[in-house]
Amino acid sequence: MAINIITFGTFDVFHLGHLRILQRAKKLGDYLFVGISTDALNFSKKGCKPVYSQEERMEIVASIRYVDGVFLEESLEQKASYLKQYKADILVMGDDWRGKFDHFQKICKVIYLPRTPSISTTEVIEKIRR
Ligand code: CTP
């Protein structure tokens with residue numbers, strides 16, 4: 001039986017930390033599905049829109065060789081239904097989210113992977129700004 005992996009994120013201003021979590025997530029199974037948070041969801045969480053639009057972010061992530069499918073994550077409340085829809089066996093998140101998704105363990109396995117050190121979208125934007 002194939003093992004389905006699912007992960008979620010904004011993936012704005014795509015960087016090496018993003019690439020590496022997708023690569024490591026894919027190694028845990030056979031198919032990797034990525035929920036890309038919508039511009040509206042980002043706005044509601046952070047009060048600003050991502051640099052790249054949701055369509056651009058989807059296109060970039062979909063082109064990564066480790067990724068088998070992308071979809072838009074419209075709201076945090078729908079996570080459980082995305083897990084079921086994509087028949088996820090494992091939910092992978094960076095360890096900045098450690099503990100936050102443990103309640104999904106009744107649906108699938110939850111694995112937190114260590115973040116790649118010293119890089120984030122916020123830092124890249126700051127660097128360019130400076
Ligand atoms: N991620 C990672 N290593 C990094 C940065 C991100 O493993 N250095 C992971 C996150 O843990 C998450 C996924 O990549 O599971 C998407 O992260 P996202 O929030 O889109 O990227 P960040 O760079 O963390 O963005 P921000 O600076 O806006 O928080």
Side-chain angles (χ1 to χ4, degrees):
M1 267 280 273
I3 296 175
N4 293 331
I5 313 292
I6 199 165
T7 191
F8 297 86
T10 309
F11 297 96
D12 191 24
V13 189
F14 197 88
H15 58 66
L16 209 59
H18 294 149
L19 185 66
R20 289 191 179 151
I21 198 157
L22 296 176
Q23 182 184 37
R24 287 177 295 156
K26 172 74 172 198
K27 278 192 186 147
L28 298 172
D30 301 296
Y31 296 100
L32 174 61
F33 300 102
V34 185
I36 307 286
S37 49
T38 59
D39 294 340
L41 179 55
N42 271 277
F43 193 83
S44 70
K45 278 195 303 189
K46 297 183 183 172
C48 60
K49 274 192 173 175
V51 175
Y52 295 146
S53 71
Q54 59 194 43
E55 288 76 23
E56 290 167 326
R57 292 180 285 115
M58 285 237 284
E59 196 173 331
I60 291 166
V61 174
S63 75
I64 301 297
R65 72 162 80 130
Y66 314 114
V67 175
D68 297 288
V70 292
F71 60 94
L72 283 175
E73 180 187 18
E74 308 264 356
S75 83
L76 302 175
E77 291 71 35
Q78 287 181 59
K79 267 218 171 62
S81 61
Y82 297 128
L83 297 178
K84 288 173 193 156
Q85 192 181 336
Y86 288 91
K87 298 184 171 44
D89 297 294
I90 307 176
L91 165 63
V92 171
M93 292 302 296
D95 62 1
D96 45 327
W97 294 98
R98 187 171 295 285
K100 302 240 169 64
F101 294 98
D102 288 356
H103 52 288
F104 292 123
Q105 266 157 1
K106 34 184 193 291
I107 303 177
C108 65
K109 202 168 166 180
V110 179
I111 295 181
Y112 303 98
L113 295 177
R115 273 171 74 92
T116 300
S118 316
I119 189 157
S120 72
T121 298
T122 309
E123 271 179 51
V124 173
I125 294 171
E126 270 306 305
K127 210 182 232 176
I128 295 167
R129 203 173 258 156
R130 283 198 299 269

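Start at 1 and go down the list; that is how both ligands and their atoms are numbered. Numbers here are sequence positions counted from 1. Every heavy atom of this structure was used, including side-chain atoms; hydrogens, water molecules and symmetry mates were not.
- Using a 4.0 Å cut-off to heavy atoms of H18, the atoms of ligand 1 that qualify are 14 (O), 16 (C), 17 (O), 18 (P), 20 (O), 21 (O), 22 (P), 23 (O).
- Residue P117 has no N or O atom closer than 3.5 Å to an N or O atom of ligand 1.
- Counting heavy atoms closer than 4.0 Å to ligand 1, residue K46 contributes side-chain atoms (C-beta onward) but none from N, CA, C or O.
- Among protein heavy atoms, atom 1 (N) of ligand 1 sits closest to R115 NH1, 3.9 Å.
- The protein heavy-atom contact nearest to atom 3 (N) of ligand 1 is T116 N, 3.1 Å.
- The atoms of ligand 1 that sit less than 4.0 Å from any heavy atom of I119 are 4 (C), 5 (C), 8 (N).
- Ligand-side atoms of ligand 1 in range of D96: 10 (C), 11 (O), range being under 4.0 angstrom from any heavy atom.
- Aromatic rings from Y52 and F14 are positioned such that their centres are separated by 6.0 Å or more.
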Practice item. Would you sort out whether T7 and L22 count as a side chain to side chain contact (heavy atoms under 4.5 Å, CB included), showing the intermediate values? Key: CA-CA 8 Å; T7 191; L22 296 176; 4.0 Å; yes
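- Below 30°, between 30° and 60°, or above 60°: for F71 and F8 the angle between ring planes is above 60°, a perpendicular geometry.
- A side-chain donor-acceptor contact under 3.5 Å links D102 and Y112.
- Between the side chain of D39 and the backbone N or O of S53 there is no donor-acceptor pair closer than 3.5 Å.
- Heavy-atom contacts of T10 reach the following atoms of ligand 1: 20 (O) (cutoff under 4.0 Å).
- At a distance under 4.0 Å, a protein heavy atom can be found next to atom 18 (P) of ligand 1.
- Residue contacts with ligand 1 for R20 are absent, since no atom lies close enough (heavy atoms, distance under 4.0 Å).
- Between H103 and F101, the ring planes lie parallel to each other; the angle is under 30°, not in the 30° to 60° tilted range.
- In the vicinity of G94, heavy-atom distances shorter than 4.0 Å reach the ligand 1 atoms 11 (O), 15 (O).
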